[in-house]
Every structure is written in C-alpha cells, then in structure tokens.
**Student:** 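Structure provided below as structure tokens; questions to follow.
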2 protein chains.
Amino acid sequence: MKNCNTPCNLQKCFMCRLALNEWKPAIDSHRKNFLAKKGELILKEGDPVTGIYFVYNGNVKVHKKWGDKELIVRFANEGKIIGHRGLSTKSSVYPVSATALEPTSLCFIDIDFFLSTLKVNHDLAFNLMMFYADELQESEKKMRNLALMSVKSRLAVALFHLKDLFGTDDEDCINVELSRQDLAAFAGATYETVFRMMNDLVQENLIALTGKKIRITDEEKLRDLTIEAQ
Amino acid sequence: MKNCNTPCNLQKCFMCRLALNEWKPAIDSHRKNFLAKKGELILKEGDPVTGIYFVYNGNVKVHKKWGDKELIVRFANEGKIIGHRGLSTKSSVYPVSATALEPTSLCFIDIDFFLSTLKVNHDLAFNLMMFYADELQESEKKMRNLALMSVKSRLAVALFHLKDLFGTDDEDCINVELSRQDLAAFAGATYETVFRMMNDLVQENLIALTGKKIRITDEEKLRDLTIEAQ
DNA sequence: CGAATCGTTGATGAGCTTCAAAACTCGTGG
DNA sequence: CCACGAGTTTTGAAGCTCATCAACGATTCG
C-alpha cells in the first residue's frame, strides 16, 4: 500500500468525529494514511494485529477463508472501520482478511494508541460498543441465513443488503461494481449456483441486468423470498 | 418464570464484579431474580427489549428461528450474559430467543438502568465492549463454518466447543445433558444427519458414547476434521 | 398405562457443488 | 492495430451431500 496525505474527513470518520479536543493533535501525529489499489490486500487473516483502519473512501471486502473457499463477511465503504475484529481478549491475530475492491484511501491508527484513546474517551468506547452490538446482530442474522435459508433466498437478502449499503444510481441499479465471484462469496454459495439463481430471478422478473449492474424490479416479490414461510 | 431471592455471586456476575461501590445499593434494588424451569422460555425473538439477564447457574440455549427450523447460536451457562443482543442503535426487539435447558437461576436488570450504569461505569462499558468483540469473532467463525464446512466437520467443531464450555466429568465425558435435537440445531443440520455423522465418528473411533454422554477419544484426528485442507 | 417425545434406520430425491469446456471480455505488449 | 492470454461469463452434465419422509422401537412422564 502506498502512503499518502489525504486529510481525514472529520464528519465521516468514527474516530475523528468523537475525538476529544485535547487528543486531536496526538491522533494527527499517530495517523498514517494509505492508498490501496484495486485488488490489494489490506490486512490478512492470521497476521498479528498492528492497528485499526478507517475507510475514507472506496470499497473493501472483509472475508474469511477455509481451505480454498472463501466467505465475504461484510463490505466496508466510506466511513466504516476495518481491523476492529482484531480487538480481543483471547487472540492477537486478525480473524479476517480485507481486500480493496476499488482504489481505496484509508487511515491507520496503531492498536496501542487506539486502546489508550478508548480508555480515556468514554464516548468513543460507548459508541464502539454499540457498533459492535449492531455488528453482532447482523452477524448472527447472517449465520441463521446460511444455516437455514436456500441459496436463492440468501441471494435475495444479499441484493437488498447491497442496495442498502451502496444505494442506487440514476437508472435505479445497485451502485456497486462487484464480480459474480464476490457476489457468490457474499451469498455463501458457488459461482455457478449464484449465476443460475440470478438467471431464475431475471426470468421471474424480480430483477433486471443492464450490463453488470443489477436492478431490483419487483421489490415486494423479492422480499417474499427473504421472509420465513408460515 | 418464578421470582426468587438467590443473591448474586459477585465473583461470577459480569455486572456485579465491575459495579462501582456507590452503585451497588442501586443495583441491588433494581435487580430481580428468577428461576426458570427446564424447557422454559426466558426471552423471545421479536419481543420488545426490557432488560438484560445474567445467568447465575444452569444452562441456557440462545437460538434463532426461520420458519419451522431453528439454529442454536450459542449456549450461556454460569456467569454468562443473555439479552445483551437487544442493545442496538437500530432495533428494540430481541433478535434471539433464550430457553433454559436445565433449571436455571437468573438475575434481571432493566435496560434503562443498565444503560445509565454503562454511561457512568467506564470499566464496565470497556469490558462489555471487549466481550462483544470476542462474541463477534466467535460468531463470524461460526458463520464461515456454516458456509464452508461439511456437517461432519461442523459437528466436530461443535463437540470441541461443548467440551470447552462445559468441561468433562470423571469419565472424561462432555459434561452436558443435550438432546440430539439441540445438538443438531447447534451444528446447523438436521436431526437425522447429525445422528448418522455421530455414528460415523463412533465407527472411526474418534468419539465414544456412554449412555447419552459423549467422550472424545481421539482428539487429534477429530481436530483434523476442523482444520482446513491444504 | 397411554401419550408424547426421543432415538434409530432405510429409501428417495432435491439442491447444490464439482468438473469440464466453450464463448466472451479486456488489458497488454509486440 | 491485432494477437495473445488471463480472467470472467455461460452452459451442460454428473454425482454427492444432505434434507425429507416414513416407520418403528425405546424411553420418559403425567
């Protein structure tokens, strides 16, 4: 990753927005800014935890692997945190990898400084706690989905999720450039299966494809797939 | 659930151990103690959040459902917290159910009081944050397992997990009374499949059954199942 | 002693993965 | 500018894992 001097946008960065005034100079001196190219690995599962990253802009996939397969746990775009999964009482290695899907600019804070900030900045700690709580709920919902729902339903959930996260462009298409490979890894299924299910959804007029972009055409019926029967 | 007067064991309860001295009387007056019978529902997915529970002793399953299927997300025994998943910036209903697997005694604290305690007791907030961080790691590991591992491997993971959580008795058997139904829901598979896989593991001399109790006989080979190939 | 729940087993096939191969895209360098 | 190769998309076929259904024995419990 290349160093750069992008200043942090105080409005969007979790850390800077909640920073105590007296700590701001210290934060500025500890912060390192990076640019990650498309496809570049930002942090790697199993590596020792060095710090925490805030995404300034761009889009990052957070993923775990097992053998030669991978699962995308979530995406991190503008304003999101990555590397916070390294915080733990038990382990000191990152439990996930993070890879840039677009050119991405990041702000890095080393873990010791971040922890000491947390200890004195109670508002930041409280907000981070609530952030974790939200992530835990999301994670357990996805856990249930993977265990109990069909691939088609999981795909529908994934599409709504992507729409929420990235919004839509002026043609109402989900505003993200995502390979089918990654979509499959996010839905927790194989490439080919996801491809076939996408075809099904197009056949049933629930979604439409313009180029690689996806548009949800029948929100209600697509939503039905994500709702438990009975 | 029945009211009771079990005093809180300060050593084991997350809240009481970290309580500020000046808040202890307030906590005592806010705490309600309950006894839950075997099979009794403690809190229900979708119900409005009223507070948070600390398990004094016994064993509780935390589960989510979809249609007529269910997945056990985790177990909570002595000293663990349930209902903390209700904390969220977005929603105010419990995202999971909790059911007693044995006669269980609990301590209940209403959510408003708990939140105001959190705001002033920074040590408690910090510890809760780290607790969430650990749970998130666990949750995402399980997510990956459900997406990428075979039922047999997930069963192996589940058995190790149960051994860690409940320990072993004097015959080296995993010290928990768990129906195959619940074991299946924990491993994320059907009753029958889990039954067959258990048989396989017995055939291969990786585990042994004495009555309903399970003993891991070949830890190394069982561990192999849980490790990614290559 | 029913009644209900749980354990056990076999048969069947849906759902999904895997493999294989052709068609298409796209950047790269000659 | 085109040829090349690497990656991605598309499609078909084969088969494996696992869920589902069904039926019966065992155990628990009011």
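So that the names make sense, note that chain A is the first sequence line, chain B the second, and so on, each numbered from 1. All values derive from a computational prediction rather than experimental measurement.
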**Student:** Just to confirm, is there a sub-4.0 Å distance from OP1 or OP2 of dT8(D) to any side-chain nitrogen or oxygen of Ser179(A)?
**Tutor:** no

**Student:** For dG7(C) and Asn199(B) - does any side-chain N or O of the residue sit under 4.0 Å from the phosphate oxygens OP1/OP2?
**Tutor:** no

**Student:** I'd like to know if Glu70(B) pairs up with Arg144(A) as an ion pair, taking the criterion as any Lys NZ or Arg NE/NH1/NH2 lying under 4.0 Å from an Asp or Glu carboxylate oxygen.
**Tutor:**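 Salt bridge absent between Glu70(B) and Arg144(A).
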
**Student:** Going by an N to O cut-off under 4.0 Å, is there a salt bridge joining Lys142(A) and Glu140(B)?
**Tutor:** no

**Student:** Check whether any side-chain N or O of Tyr191(A) sits under 4.0 Å from OP1 or OP2 of dT9(D), and answer yes or no.
**Tutor:**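 True: Tyr191(A) side-chain N/O within range (under 4.0 Å) of dT9(D) OP1/OP2.
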
**Student:** Can you tell which of dC16(C), dT18(C), dT10(D) lies closest to the side chain of Phe195(A)?
**Tutor:**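 So the side chain of Phe195(A) is nearest to dT10(D).
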
**Student:** Which whole-number value in Å describes the distance from Met149(B) CE to dC16(C) P?
**Tutor:**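 In whole Å, dC16(C) P and Met149(B) CE are 20 Å from each other.
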
**Student:** Is the charged tip of Arg223(B) near the ring of Phe160(B): under 6.0 Å from the six-membered ring centre and within 45° of its axis?
**Tutor:**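 Ring-cation test returns yes.
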
**Student:** Any idea which of dA11(C), dG7(C), dC16(C) is nearest the Lys212(B) side chain?
**Tutor:** dG7(C)

**Student:** Would you mind reading off the distance between Arg180(A) atom CZ and dA23(C) atom C1', rounded to a whole angstrom?
**Tutor:**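 Rounded to whole Å, this separation is 16 Å.
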
**Student:** Is the shortest distance from a Lys or Arg side-chain nitrogen in Lys152(A) or Glu204(A) to a carboxylate oxygen in the other one below 4.0 Å?
**Tutor:**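 Yes, this pair counts.
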
**Student:** Output, in order, the C-alpha distance, side-chain angles, deciding distance and verdict of side chain to side chain contact (heavy atoms under 4.5 Å, CB included) for Ser179(A) and Tyr191(A).
**Tutor:** CA-CA 10 Å; Ser179(A) 73; Tyr191(A) 192 91; over 6 Å; no

**Student:** Is the phosphate of dT17(C), meaning OP1 or OP2, less than 4.0 Å from a side-chain N or O of Thr193(A)?
**Tutor:**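 So the side chain of Thr193(A) is within the cut-off, an N or O lying under 4.0 Å from OP1 or OP2 of dT17(C).
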
**Student:** In whole Å, I'd like the distance from the CG atom of Leu148(B) to the C1' atom of dC16(C).
**Tutor:** 14 Å

**Student:** So which one's nearest nucleotide on DNA chain D is more toward 5', Lys38(B) or Glu192(B)?
**Tutor:** Glu192(B)

**Student:** Please report, rounded to the nearest Å, how far the P atom of dT5(C) is from the CG atom of Leu178(B).
**Tutor:**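 From Leu178(B) CG to dT5(C) P: 18 Å.
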
**Student:** What contact category does Lys152(A) fall into here, base, sugar-phosphate, or nothing, at under 4.0 angstrom with non-hydrogen atoms?
**Tutor:** nothing

**Student:** Go through the N and O atoms of the side chain of Arg196(A) and the base of dG15(C), and report whether any donor-acceptor pair is under 3.5 Å.
**Tutor:** no

**Student:** In whole Å, I'd like the distance from the CG atom of Leu101(A) to the P atom of dT8(D).
**Tutor:**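 Value for this atom pair: 12 Å.
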
**Student:** Nearest-Å distance, CG (Asp68(A)) to C1' (dT17(C))?
**Tutor:**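 It is 12 Å, rounded to the nearest whole Å.
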
**Student:** Nearest-Å distance, CE (Met197(B)) to C1' (dT17(D))?
**Tutor:**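 Atom CE in Met197(B) sits about 7 Å away from atom C1' in dT17(D).
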
**Student:** Between atom CE in Met198(A) and atom P in dC16(C), what is the gap in whole Å?
**Tutor:** 16 Å

